[in-house]
Amino acid sequence: MAPTFFSFFFCCVVSIYLTLVPFAVANSEGDALYAFKQSLSDPDNVLQSWDATLVSPCTWFHVTCQDNSVTRVDLGNLNLSGHLVPDLGNLHSLQYLELYENNIQGTIPEELGNLQSLISLDLYHNNVSGSIPSSLGNLKNLRFLRLNNNHLTGQIPKSLSTLPNLKVLDVSNNNLCGPIPTSGPFEHIPLDNFENNPRLEGPELLGLVNYDTNCS
Ligand SMILES: *[C@@H]1O[C@H](CO)[C@@H](O)[C@H](O)[C@H]1NC(C)=O
Ligand SMILES: *[C@@H]1O[C@H](CO)[C@@H](O)[C@H](O)[C@H]1NC(C)=O
């Protein structure tokens, strides 16, 4: 009698656990997105469907999933203000983070360098400040990095020149300084995509100027 009861009990616990684990994983992505929602001001209520009590964020508007994991966040031009949050670095399957043409301020969290699947990071036309984290050099799948028209300072991290798939980089209209890297993907990026950074030194000047020692 007792062994039967215990194996039945054990079997139930195991199957309940196996049933819930995928939702727990999906929910950690929901938690990350909900933390982002809470740091945003959303005057047009475009994030109304982002309900933290749902088991998964895959039914939320502006969120796309594949195999129950978040692959896209599309929040371009939605009148959002507020800050990015480190929690976004937990979206392990995220391929597209589209936040362009809002009024997002504050810095780019270095945790975005954990997004191993990321193909596109679009933050152009916002009010982002601080420096470009060198951790973005870990994003081996990254193809599009558009950070133009913000208030970024500091140097372009050398780590970005190791990105094997980077095709489009635009950092124009910021306040970056120091040298523009010359190797890897930087060989093919037009100089226009660096313009209007008053203290950025073009590669044609390499060796001919003393770089601004205040640039860090
Ligand atoms: C954007 O939000 C502001 C309030 O912060 C509002 O006055 C304005 O109408 C909104 N613009 C659009 C295009 O929805
Ligand atoms: C941009 O962000 C700064 C703080 O970093 C703030 O003082 C400024 O008002 C913001 N600009 C706009 C247009 O919201």
Side-chain angles (χ1 to χ4, degrees), residues 30 32-52 54 57 59-64 70 72-91 94 96-115 118 120-139 142 144-160 168-180 192-201 211-216:
L33 287 173
Y34 196 73
F36 184 36
K37 173 183 173 166
Q38 285 183 305
S39 86
L40 293 174
S41 154
D42 174 19
D44 300 340
N45 260 328
V46 298
L47 303 177
Q48 200 165 21
S49 64
W50 289 28
D51 176 351
L54 298 178
T59 57
W60 297 358
F61 289 164
H62 310 292
V63 173
T64 306
V70 175
R72 295 190 67 110
V73 174
D74 285 285
L75 295 172
N77 194 14
L78 291 174
N79 211 6
L80 299 169
S81 53
H83 297 257
L84 300 170
V85 293
D87 312 62
L88 290 170
N90 299 339
L91 299 170
L94 191 66
Y96 293 84
L97 182 55
E98 303 301 318
L99 301 172
Y100 54 87
E101 292 166 5
N102 285 293
N103 189 21
I104 291 172
Q105 27 175 301
T107 58
I108 302 173
E110 64 181 280
E111 288 80 358
L112 295 194
N114 298 335
L115 298 171
L118 201 65
S120 174
L121 176 58
D122 278 326
L123 289 170
Y124 57 90
H125 288 271
N126 275 286
N127 186 12
V128 177
S129 56
S131 56
I132 302 171
S134 65
S135 63
L136 298 189
N138 298 330
L139 301 174
L142 196 68
F144 306 96
L145 178 58
R146 285 175 284 222
L147 305 174
N148 50 291
N149 298 79
N150 279 290
H151 293 111
L152 292 164
T153 53
Q155 299 199 29
I156 298 173
K158 287 195 183 65
S159 63
L160 297 187
V168 176
L169 171 83
D170 195 336
V171 294
S172 59
N173 300 294
N174 278 289
N175 196 14
L176 298 167
C177 59
I180 298 174
D192 287 356
N193 296 10
F194 301 95
E195 71 184 8
N196 286 323
N197 286 279
R199 299 192 301 141
L200 204 55
E201 317 283 3
Y211 290 125
D212 186 342
T213 48
N214 290 322
C215 176
S216 57

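Remember, it's 1-based here, ligands and their atoms both numbered in the order they're listed.
- For N127 and H151, the side-chain atoms include at least one donor-acceptor pair closer than 3.5 Å.
- Between R146 and D170 there is no salt bridge, since no side-chain N of the basic residue sits under 4.0 Å from a carboxylate O of the acidic one.
- Distance check for atom 7 (O) of ligand 2: every protein heavy atom is found at 4.0 Å or beyond.
- Neither side chain, Q105 nor S81, offers a donor N or O lying under 3.5 Å from an acceptor on the other.
- The single protein non-hydrogen atom nearest to atom 5 (O) of ligand 2 is Q105 OE1, 4.1 Å, given as residue, atom name and distance.
- When only interatomic distances are considered, the shortest N/O to N/O separation between N103 and ligand 2 falls below 3.5 Å.
- Ranking protein heavy atoms by distance to atom 14 (O) of ligand 1, first place goes to D44 OD2, 2.7 Å.
- Protein heavy atom nearest atom 10 (C) of ligand 1, with residue, atom name and distance: N79 ND2, 2.2 Å.
- Within 6.0 Å of CD on Q48 lie no more than 12 heavy atoms contributed by other residues, nucleotides or ligands.
- Close contacts of ligand 2 with N127, meaning ligand atoms under 4.0 Å from a residue heavy atom, involve 1 (C), 2 (O), 3 (C), 8 (C), 10 (C), 11 (N), 12 (C), 14 (O).
- For atom 4 (C) of ligand 1, the closest non-hydrogen atom of the protein is P43 CB, 3.8 Å.
- There is a protein heavy atom closer than 4.0 angstrom to atom 2 (O) of ligand 2.
- At distances below 3.5 Å, not a single donor-acceptor pair connects side-chain atoms of N138 with backbone N or O atoms of L136.
- Residue H83 places its NE2 atom among more than 12 non-hydrogen atoms of other residues, nucleotides or ligands, all under 6.0 Å distant.
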